[in-house]
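Scroll down for the structure; my scribbles are underneath it.
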Amino acid sequence: MKAKARKPKKIKMKTKKTFAKRSKLTGTGKLKVQHNYVSHFAANKSHKQKMHLAKSTTAHSTDLKRDRQLLQG
């Protein structure tokens with residue numbers, strides 16, 4: 001009697017938790033993230049620049065494919 005051939009298990013991709021904590025998907029499917037370059041060398045930045053960097057922004061469209069892969073899981 002022949003042994004049954006087993007199907008290979010489907011490997012699930014895990015969510016990258018560090019990225020998930022720093023980003024959020026909006027209702028329209030855009031990715032909401034924080035700006036870079038906020039706290040380091042803050043004394044060299046103008047008040048206006050620091051105020052704008054404090055606000056959140058949407059991720060760039062060229063990064064969306066990679067970022068969504070990090071979130072799926």
Side-chain angles (χ1 to χ4, degrees):
M1 200 159 114
K2 224 177 188 182
K4 282 188 176 179
R6 289 188 179 186
K7 288 183 182 176
K9 281 190 176 181
K10 186 176 181 183
I11 298 170
K12 293 184 180 177
M13 190 168 170
K14 289 185 178 181
T15 301
K16 303 296 181 206
K17 292 295 184 178
T18 54
F19 184 70
K21 291 172 188 177
R22 288 163 175 77
S23 61
K24 181 182 177 182
L25 268 175
T26 62
T28 56
K30 294 178 184 176
L31 199 65
K32 191 174 171 184
V33 291
Q34 294 295 321
H35 280 284
N36 299 329
Y37 310 109
V38 179
S39 61
H40 195 60
F41 292 127
N44 297 340
K45 294 177 179 62
S46 67
H47 180 68
K48 180 180 179 180
Q49 186 180 8
K50 286 185 277 191
M51 281 190 340
H52 282 100
L53 289 173
K55 296 176 184 177
S56 59
T57 184
T58 55
H60 198 266
S61 59
T62 56
D63 296 327
L64 268 181
K65 184 180 177 184
R66 180 172 22 122
D67 291 348
R68 287 207 179 136
Q69 284 180 343
L70 294 172
L71 289 176
Q72 85 181 142

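This structure is a prediction, so every number in the text was calculated from the model and none was measured.
Between the NZ atom in K14 and the CD atom in Q72 there is a gap of 14.0 Å [rounded to 0.5 Å]. Interatomic distance, H52 NE2 to H47 NE2, rounded to the nearest 0.5 Å: 10.0 Å. The distance from atom CD of Q49 to atom OH of Y37, rounded to the nearest 0.5 Å, is 11.5 Å. Q69 CD to M13 CE: the interatomic distance, rounded to the nearest 0.5 Å, is 5.5 Å. Atom NZ of K50 sits about 11.0 Å away from atom OG of S39, to the nearest 0.5 Å.
The two residues L71 and A20 make their nearest non-hydrogen contact at CD2-CA, 3.7 Å. Closest approach of K30 and R68 over heavy atoms only: N-NH2, 4.3 Å. Scanning all heavy atoms of the two residues, the minimum distance from S56 to Q34 falls at CB-NE2, 3.5 Å.
Checked by atom type and distance alone, the side chain of S23 never pairs as donor or acceptor with a backbone atom of K32 at under 3.5 Å.
Counting heavy atoms from C-beta on, the side chains of L53 and K45 come closer than 4.5 Å. Proximity of T57 to V33: side-chain heavy atoms (C-beta onward) are separated by under 4.5 Å at one or more points.
Considering D67, D63, T26, L70 as possible partners of L31, the one that fulfils the side-chain contact (heavy atoms from CB on, under 4.5 Å) test is D67.
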